[in-house]
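Structure first, then comments.
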Amino acid sequence: MDYNHKEVEPKWRNLWAETKLYKVENDTSKPKFYVLDMFPYPSGAGLHVGHPLGYIASDIIARYKKQQGYNVLHPMGYDAFGLPAEQYAISTGVHPAISTDENIARYRAQLDNLGFNYDWSRQVKTCDPSYYKWTQWIFLQLFDHYYDTGLDKAMPISALISKFEADGNAQIQAATSQSEYFTADEWNVMTQTAKEEVLMNYRLAYRKVGFVNWCEALGTVLANDEVKDGVSERGGFPVERRPMMQWSLRITAYAERLLSNLDKLDWPEPLKAMQQNWIGRSEGAQMFFDIDGQDLQLEIFTTRPDTIFGATYMVIAPEHDLVPLLTTLDQKAEIEACINYVKNKSERERMAEVKEMNGAFTGSYAINPFNQERIPIWIGDYVLKEYGTGAIMAVPSDDERDMNFAKKYNLPIVDVVDKSNYPGATLHDKLGIIINSDFLNGMEVPAAIQLMFEKMETQGVGSKKINFKLRDANYSRQRYWGEPFPILYDAEGNVHTVPVSELPITLPPLDDFKPTIDGKSPLARLEDWVEVDGMSRETDTMPGFAGSSWYFLRYMDANNDQAFASPEALNYWQEVDFYIGGAEHAVGHLMYSRFWHKFLFDLNLVPTEEPFKKLVNQGMIQGVIESIYLKKSESGDSHFYSEDLIDPQSIADFAKIPVHVDFVSKYGSPESHLNANGIQQFIAWRPEFHNATFHTKEGIFHANDFGSSAKLLTKSEVGKMSKRYFNVVNPDDMVEKYGADCFRMYEMFLGPIEQSKPWDTKGIDGVSKFLRKFWNLIHNEGTLQFTEETPNDQELKLLHTTIKKVTDDIERFSLNTTISNFMICVNELKRMNCNKKAVIVELVKLIAPFAPFIAEEMWLQLGGEGSVHHASFPKVEEKYLIEDTVVYPICVNGKKRDELEVAKDMAPQEIEKLVFEKASVKKWLDQPVKKVIVVPGRMINLVV
RNA sequence: GCCGAAGUGGUGGAAUUGGUAGACACGCUGGACUCAAAAUCCAGUGCCUUCAACAGCGUGCGGGUUCGAUUCCCGCCUUCGGUACCA
């Protein structure tokens, strides 16, 4: 009988659960190690084969560290609030709490199947009131603090109020959106409402106007993800950007620290680079331009004040506050048309369409403070309200986008930088000699920038400023399935916080998850819930990142009801030592978590400034995404077109609607298509398209008369495996067929953990064979067979070479090559006919982190004490590895021609002599030898 | 558009610091065992010319540095991730 995973795996799974093998205690004398996975969103499609890639890797690391004697914290939980559960509720009526629990149960079963060593007593679920109580609590702390830029930390709002009462705000150093100064007297006579308004400009959690994707036809705010090609993904209706009062988090206060602390982190450099660029620190000038004929000033930010004489026009964002004031009667129609057009485009589209920028002249002029010339003020879609001041001076000669805009609208271009002395310098390089620029003429760019800073200050028209691309985080969602805010509004609209003693504010039950007619959150339907003692509750909920920004702290003390975690637990576990997750979280989750952690650090609530010491990005297991083309239409009629009918020119007129890969014939290939059967499945699945027409090469059909030979060609792409693309492959069948050990090792064997690759099961037989061979080292025809003989030198050398390679490879996180090493070792032992217990028992300990089930079974059979997962990891003994000869490759002009085996310590001169005696070398010697290079221990190269 | 990554045989991948390109697997071909099949075992397998090679070519494309480049530099192409309300 061969190895039977169907017997062995369930047996150990149950035993491990019974004996609580993976329970972790906080209080211990051992050194700690915290291994963390990014917790999953429990999607309705279940765990897919991409999830375990990271989980298996972290499980291996956790088990490896345990065997090395660490007390390892390795928890798991669920990021359970989110949009998909709510969408599911809207379409099926199933309450998100129910569908989420079902999904979690399924995830749990799937995770258990894979034999992970999680301590489930520490499970975290972000939608659980006992958890989100603390999410709400942290929000209240953010609300009650401001950022003191002098002390460089968060301070209580009460301290700020005392300062206002004593001195006003002129001396306050703080991260603020406040630009007006007031004295103590002025403050003291302000109404409560006015005071609250001022404080709002300082709080780390504050309210301001933000923009949302509004879909009039659906009567709801859409996530960016629900908008495809400028129309709603559901139904293809127009979407516009609409201002709405929103909660925000002042992450920008932490920009400098988020940037500089990156140095301390053992993170992949590319990821740090992404965060760096996302924060986008730039030094430049804040300048004020007077407006011709009006008592107004336009504030701009530029990194190139030296090019001001090339500023032939100004551009402000179409949403800029000054637009109505600057627009003259003549230009009103044009400006409105432009604003209307821009409203329908997302920010990303606006940034992407560099060649199709849109703008309009406001009719007003700004005055260049250095030569008093009038500069026309335009609005333009390439300037974003949220970045900088939402206004720029455009220098078409020195900026690509300004140049394109100027060309499109025939605006003048004046060269101000002569780069002829700097061949190869691009527009982005701050190099060259200033020309056409009055007092700056002849200066080098960096010197001119310095001079401009001085001039601006003396003339009082501007000053040096550090600007960040990073923007404050929008924290409001007009949705049901999220954390409610612990916030009430009185009749005047003043904000009141709910006392901590009343937390959590639980999410009330609800049957109708659709938004209200005016686009408010579904919670606004619950009048009884909203009205409290003459005040009304905030009906928006918190965004997905709220719960995921601190969950790793909760695992340290998951069941505490007095604090988010006890100081003792926090002090013991400190920070996450090893964090693994997808690179898609590079600037979202990882930035927000760092921000929250720093805030909690400022409040002395956590012991470290950074949450994640070491981070590894696992790649993505990709799937095939199949979609069909829907012609965009205002009328709401749906016309689908076969891919072969669409010419590339008109591709922008179509929206791609993803279809379930199961409906598609020949999916993943260029011939992928929907046939009549596939169309039926599609309509059953997306009934809103039951009246759609389908345009194919074979003719135009409706769903019910789709031609039997007709094909609606689909678009096949490689991409994310995700419920939203309906292309999820589950691990369950694989685990059932091959066992968890095999599945685990196969996913690791696929390639480097960081690399993305499409899912493919072709090679799994190789791993399956390997496990059988490994088992059969001590089994023969189903009976246990091993000897107690002492291993010989050759066997010990093989064993210790393997220990060394495996240890090295785990340390540098190269798990695919670790498995190659196991294969080589087992092949070799088989060749040697070695079934000596002393060798194999070491190998069992070595492989235990990778294949925990088979290792445990073999450990038992070989007479091991307790669990192999508590056995110490083998240590290499160098004395078995000593080699006395070296094989050198002999290369001629860098190409290998022969080999030479010599004693390890032979001198290079002697080696050289031997090389020239080789017959294979001699035939190259009819040409003169220019040089002989001997790299000791490495190689020999002859240059002829 | 912008930021980041990847590209090596028929396939997944290896080559850790500039030093033998293709480890380990999958697949394929041939053979052994078998009435037969599966399983297992043995041999071969980058391409090309070839009786055969120790000949030539070969790490996305085009250049460069070097005795030597998958690895470093410059310029492209393609694909993937992110792009601030998917998670």
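Chain naming here is simple, since letters A, B, ... match the order of the sequence lines and numbering starts at 1 in each.
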Self-check item: Nearest-angstrom distance, P atom, U11(B) to G27(B)
Solution: 15 Å
Exercise. Counting Watson-Crick and G-U wobble pairs only, both distances under 3.5 Å, name the nucleotide matched with A43(B), or none.
Key: U29(B)
Quiz prompt | Side-chain (S476(A)) to main-chain (D540(A)) donor-acceptor, under 3.5 angstrom | solution = no
Quiz item: Does L750(A) or A583(A) map to a spot on RNA chain B nearer the 5' end, using the closest nucleotide for each?
Solution: L750(A)
Practice problem: Report which part of the nucleic acid I824(A) touches: base, sugar-phosphate, or nothing (heavy-atom distance under 4.0 Å, all strands). | Solution: sugar-phosphate
Self-check item: Interatomic distance where CD belongs to E754(A) and P belongs to A6(B) [whole Å]
Solution: 10 Å
Quiz item: Across the strands shown, which category fits P270(A) at heavy-atom distances under 4.0 angstrom: base, sugar-phosphate, nothing?
Solution: sugar-phosphate
Quiz item: Looking only at atom P, what distance separates C76(B) and C28(B), rounded to whole Å?
Solution: 43 Å
Quiz item: Reckon V221(A) touches a base, only the sugar-phosphate, or nothing at all at heavy-atom distances under 4.0 Å?
Solution: base
Practice problem: Using a 4.0 Å heavy-atom cut-off across all strands, classify F749(A) as base, sugar-phosphate, or nothing. | Solution: base
Practice problem: Spell out yes or no: do the side chain of N941(A) and the base of C67(B) have one donor N/O and one acceptor N/O closer than 3.5 Å? | Solution: yes
Quiz item: Can you tell me how far P of G81(B) sits from CG of D225(A), to the nearest Å?
Solution: 12 Å
Self-check item: Side-chain N or O of Q478(A) closer than 4.0 Å to phosphate OP1/OP2 of C85(B)
Solution: no
Quiz item: Between C2(B) and G18(B), how far is it from one P atom to the other, in whole Å?
Solution: 30 Å
Exercise. Grab the CE-P distance between M274(A) and C3(B) for me, whole Å please.
Key: 12 Å
Self-check item: Among C26(B), C85(B), U83(B), the one nearest K769(A) by side-chain distance
Solution: C26(B)
Quiz item: So what does K469(A) hit on the nucleic acid, given a heavy-atom distance under 4.0 Å: a base, only sugar-phosphate, or nothing?
Solution: base
Exercise. For U17(B) and U79(B), measure between their P atoms and round to the nearest Å.
Key: 31 Å
Quiz item: Does the side chain of N224(A) get closer than 4.0 angstrom to OP1 or OP2 of U83(B) through an N or O atom?
Solution: no
Practice problem: Using a 4.0 Å heavy-atom cut-off across all strands, classify N474(A) as base, sugar-phosphate, or nothing. | Solution: base
Quiz item: With a 4.0 Å cut-off on heavy atoms, is E226(A) in touch with a base, just the backbone sugar-phosphate, or nothing at all?
Solution: nothing
Quiz prompt | Which nucleotide in U20(B), G19(B), C85(B) has an atom nearest any side-chain atom of V935(A) | solution = G19(B)
Quiz prompt | N or O in side chain of R348(A) less than 4.0 angstrom from A84(B) OP1/OP2 | solution = yes
Quiz item: So, the side chain of N617(A) versus the backbone of G581(A): is there a donor-acceptor pair under 3.5 Å, distance only?
Solution: yes
Exercise. Identify whether any heavy atom of Q246(A) sits under 4.0 Å from a base atom; if not, whether one sits that close to sugar-phosphate; answer base, sugar-phosphate or nothing.
Key: base
Practice problem: Answer with base, sugar-phosphate or nothing: what part of the nucleic acid does V212(A) contact at a heavy-atom distance below 4.0 Å? | Solution: base
Quiz item: Within the pair R772(A) and U40(B), is there a side-chain N or O less than 4.0 Å away from OP1 or OP2?
Solution: yes
Quiz item: Should the ring pair F81(A) and W481(A) be called parallel, tilted or perpendicular, given that the plane angle runs from 0 to 90° and is split at 30 and 60?
Solution: perpendicular
Quiz item: Out of A15(B), A87(B), U20(B), which nucleotide sits closest to the side chain of K896(A)?
Solution: U20(B)
Quiz item: Over how many whole Å does the gap from L470(A) atom CG to U83(B) atom C1' extend?
Solution: 13 Å
Quiz prompt | Under 3.5 Å: donor-acceptor pair, side chain of D399(A), backbone of D402(A) | solution = yes
Quiz item: Looking at the side chain of M939(A), which of U20(B), G13(B), G19(B) is the nearest nucleotide?
Solution: G19(B)
Exercise. Hey, which sits more toward the 5' end of RNA chain B by its nearest nucleotide, A80(A) or I933(A)?
Key: I933(A)
Quiz item: If you look at every strand shown and take non-hydrogen atoms under 4.0 Å, does R812(A) touch a base, only sugar-phosphate, or nothing?
Solution: base
Practice problem: Please work out whether the ring planes of H589(A) and Y551(A) are parallel, tilted or perpendicular, with thresholds of 30° and 60°. | Solution: tilted
Self-check item: OP1 or OP2 of G82(B) under 4.0 Å from side-chain N/O of K720(A)
Solution: yes
Quiz item: With a non-hydrogen cut-off below 4.0 angstrom, is N827(A) in contact with a base, only sugar-phosphate, or nothing?
Solution: sugar-phosphate
Quiz item: For S548(A), which contact category applies under a 4.0 Å heavy-atom criterion: base, sugar-phosphate, or nothing?
Solution: nothing
Exercise. Could you check whether P40(A) gets within reach of a base, just the sugar-phosphate, or nothing at all, counting any heavy atom under 4.0 Å?
Key: nothing
Quiz item: Which part of the nucleic acid does H589(A) contact within heavy-atom distance under 4.0 Å: base, sugar-phosphate only, or nothing?
Solution: nothing
